[in-house]
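The next block holds one structure in the form of C-alpha cells; read it before the comments.
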Amino acid sequence: MRKLTITAIIIFLSNVIFAQRISVEEYITAYKNIAIEEMKRSGIPASVTLAQGILETENGNSDLVKRSNNHFGIKCKSTWTGESVKHTDDAPNECFRKYAKPEDSYKDHSDYLKTSPRYASLFQLDPSDYKGWAYGLKRAGYATNPRYPQIVISNIEKYNLQQYDNGMPGIESLASTTAKVIATPVIQVAMPLTSFEDNALVKAINNKTKFNGLKAIFASKGTSLLAIATAASIDLSKLLDINDLANDGLLKEDQIIYLEKKNKQGNRDSYTTLRKENLYDVSQNNGVQLKTLMSLNNLKANEILKAGVSIALR
C-alpha cells in the first residue's frame, strides 16, 4: 500500500511538472513585448533577443531560468553585486546572476552587449540583419557552441521572429550638422559606431565641449542614451535626470545632451524662440533646468510655442 502511495505521488508530481512546461509560442507571447522595448532602448533586434532567450532557457523551461529569471545564461563575473544561484554549465556549480523579474534579465542582457567593446561592431549592422547579428555574436565569443548562429537563425525564421523588428530605426551615418542655431558649437555624433573604445562619441565626450558653461555633446537622432552614458562613465538614470528625460532608448531627434547638471538660470535674461519649440527644447538649447523655466514662465514642458515668443531664463 505504501509503495502504491509513493508511486501515485511521483506520477502526480511528474504530471504537474509536465503541465508547467511552456511551448515556444507561449514563450514568444510572454516576452516579445519586453524584447521590442529593449530593441527600442538599446538597438538590439528583438528577433535576435527572443531567439537567444528561446535557446538559452529551453523556451522558458530550464532549471536555471526557473530559479533565477536568468534568460540569457549570464554568469556573475567580478562586476556583479546582486543575487546569484549556483548552476552547472561549463563547470560544476558556476555562479549565475539572479533577477527579481524577467524584465531585469532582458535589460541586463542589452546592457551587457551594448557596453562591451567586443560587441561594438554589431551595432553598425542594418537593424534587420538578424543573420549578421547571429554570426557576429559567435565571432565575438558570446557562445561556445559552433552551431550557435545557425540555431539562432533557425529559431528566428521558424517562428517568424523578424516581424518584431519592424519599425526599428535605421542607422544614420556620422555627419556634421547645421540644422540648429546655437550660441556655442557642439559636436554631433551618431551611434552605433565601429568601435566603442575609439569612436566619435567617446572623442566628442573627451573633447570637453562646453555649452552655456556645461559639458555637453550634440547627438543625432538614433543615438543610444545608454551608449552616451556608458562612454561618459555616467549612470544612465543620472543622465536621464540631467536632461529631464523620463525614459531611455534611442533619441527621436537631433539634440543637445548634457553630461552635467543644467544651470538653475540662463546666462542671459531671456530667450526668443526661433521656430516652433516647446519648453523642453528651450531648456536643452539654453542649458537651464526645465523645472526652473516652468516656474518662471508658468508653462508646461510640452506646450508648443510659436516663433518669436520671449522666454524668461532667470
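Just so we're clear, the structure is a prediction, and the values are computed from it rather than from any experiment.
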Output yes when a side-chain donor or acceptor of Asp235 lies under 3.5 Å from a complementary backbone atom of Ser237, and no otherwise. no

Shortest non-hydrogen contact from Cys95 to Lys86? CB-NZ, 4.1 Å

How about NZ on Lys131, more than 12 heavy atoms from neighbouring residues, nucleotides or ligands closer than 6.0 Å, or not? no

Would you say the side-chain atoms of Asp244 pair up with the backbone N or O of Gln289, donor to acceptor, closer than 3.5 Å? no

Just by modelled atom types, is the Val309 backbone N or O under 3.5 Å from a matching donor or acceptor in the Thr272 side chain? no

Hydrophobic cluster membership, Val24 vs Val65, 4.5 Å side-chain cutoff: no

Can you confirm whether Lys291 is buried at NZ, in the sense that more than 12 heavy atoms of other residues, nucleotides or ligands lie under 6.0 Å from that atom? no

From CG (Leu55) to CZ (Arg147), nearest 0.5 Å: 10.5 Å

We want to know whether Gln284 and Lys262 form a side-chain donor-acceptor pair, criterion being a heavy-atom distance below 3.5 angstrom. yes

What's the verdict on side-chain contact (heavy atoms from CB on, under 4.5 Å) for Tyr135 and Gln150, showing C-alpha distance, side-chain angles and the deciding distance? CA-CA 8 Å; Tyr135 282 101; Gln150 292 90 336; 4.0 Å; yes

Side chain of Asn70, backbone of Gly73: donor and acceptor closer than 3.5 Å? yes

Test log, rule side-chain contact (heavy atoms from CB on, under 4.5 Å), inputs Asn302 and Tyr280: CA-CA 7 Å; Asn302 58 358; Tyr280 176 78; over 6 Å; no

Any luck finding a side-chain donor-acceptor pair between Asn285 and Glu277 under 3.5 Å? yes

Are Leu64 and Ile151 linked, directly or through intermediate hydrophobic residues, by side-chain heavy-atom contacts shorter than 4.5 Å (ILVMFWY only)? no

Side-chain contact, heavy-atom cut-off 4.5 Å: Leu239 with Asp241? no

Are Ser47 and Asp165 linked by a side-chain donor-acceptor pair shorter than 3.5 Å? yes

Counting N and O atoms only, with roles assigned by atom type, does the side chain of Tyr258 sit under 3.5 Å from a partner on the main chain of Gly287, one being a donor and the other an acceptor? yes

With a 6.0 Å cut-off on ring centres, are Tyr148 and Trp133 close enough? no

Which heavy atom in Val85 sits nearest to a heavy atom in Lys98, and how many Å separate them? CG1-CD, 3.8 Å

Does some side-chain heavy atom of Leu293 sit less than 4.5 Å from a side-chain heavy atom of Leu313? yes

Glu83 and Tyr99: side chain donor to acceptor below 3.5 Å: no

Over all heavy atoms of both residues, which pair between Ala35 and Leu50 is shortest? Give the atoms and the distance, please. CB-CG, 3.7 Å

Leu137 and Val152, any side-chain heavy atoms less than 4.5 Å apart: no

Does any N or O in the side chain of Asn286 come within less than 3.5 Å of the main-chain N or O of Val282, such that one atom is a donor and the other an acceptor? yes

Identify the two heavy atoms, one from Ala134 and one from Ile153, that lie closest to each other, and give their separation to 0.1 Å. CB-CG1, 3.7 Å

Could you tell me whether the side chain of Tyr27 reaches within less than 4.5 Å of the side chain of Asn61, counting heavy atoms only? no

Minimum heavy-atom separation for Pro146 and Pro149, please, with both atom names. O-CD, 3.8 Å

Please tell me whether Tyr112 and Phe72 form a close aromatic pair, meaning their ring centres lie under 6.0 Å apart. no

Can you confirm whether the side chains of Asn263 and Arg314 place a donor and an acceptor under 3.5 Å from each other? no

Between the main-chain N or O of Ser310 and the side-chain N or O of Ser270, is there a donor-acceptor pair closer than 3.5 Å? no

Check whether any side-chain N or O of Thr57 sits under 3.5 Å from a backbone N or O of Gly53 as a donor-acceptor pair, and report yes or no. yes

Quick one: closest heavy-atom pair of Lys114 and Ser42, and the distance? NZ-O, 3.2 Å

Does Glu37 use its side chain to pair, donor to acceptor, with the backbone of Ile34 at less than 3.5 Å? no

Can you find a heavy atom in the side chain of Leu113 that is under 4.5 Å from one in the side chain of Leu122? no

Side-chain heavy atoms of Met294 within contact of Leu299, under 4.5 Å: no

Separation of Ile311 CD1 from Asn297 CG (nearest 0.5 Å): 4.5 Å

Report yes if the side chains of Leu259 and Ile242 come closer than 4.5 Å at any heavy-atom pair, otherwise no. no

Of Leu236, Asn243, Leu250, which is the lone residue that meets side-chain contact (heavy atoms from CB on, under 4.5 Å) with Leu225? Leu236

Taking Asp104 first and then Lys101, would you say they form a salt bridge - that is, a charged N and a carboxylate O separated by under 4.0 Å? yes

So OG of Ser110 and CD1 of Ile44: to nearest 0.5 Å the spacing works out to 4.0 Å

I'd like to know if Leu296 and Val288 are part of one continuous hydrophobic network [Ile/Leu/Val/Met/Phe/Trp/Tyr, side-chain heavy atoms within less than 4.5 Å]. no

Please examine the side chains of Ser68 and Arg97, heavy atoms only from C-beta on, and report whether any two atoms are closer than 4.5 Å. no

In this structure, CG of Asn278 is separated from CG of Leu290 (nearest 0.5 Å) by 8.5 Å

Can a donor-acceptor pair be found between the side chains of Glu26 and Tyr31 at a distance below 3.5 Å? no

Does one hydrophobic cluster hold both Leu125 and Phe123, with members joined at side-chain heavy-atom distances below 4.5 Å? yes

Taking NZ, NE, NH1 and NH2 as the nitrogens, is one of them in Arg41 or Asp111 under 4.0 Å from a carboxylate oxygen of the other? yes

Hey, are Glu94 and Lys75 close enough for a salt bridge, meaning a charged N less than 4.0 Å from a carboxylate O? yes

Backbone N or O of Glu25 within a donor-acceptor pair of the Thr29 side chain at under 3.5 Å? yes

With a 4.5 Å cut-off on side-chain heavy-atom distances among I, L, V, M, F, W and Y, is there a chain of contacts connecting Ile304 to Leu279? no

Verify the neighbour count for atom CG of Asn298: are there more than 12 heavy atoms of other residues, nucleotides or ligands below 6.0 Å? no

To the closest 0.5 Å, what do you measure between NZ (Lys264) and OG (Ser295)? 12.0 Å

Which residue is it: Gln52, Glu56, Glu38? I am looking for the one with a side chain to side chain donor-acceptor pair (under 3.5 Å) to His109. Gln52

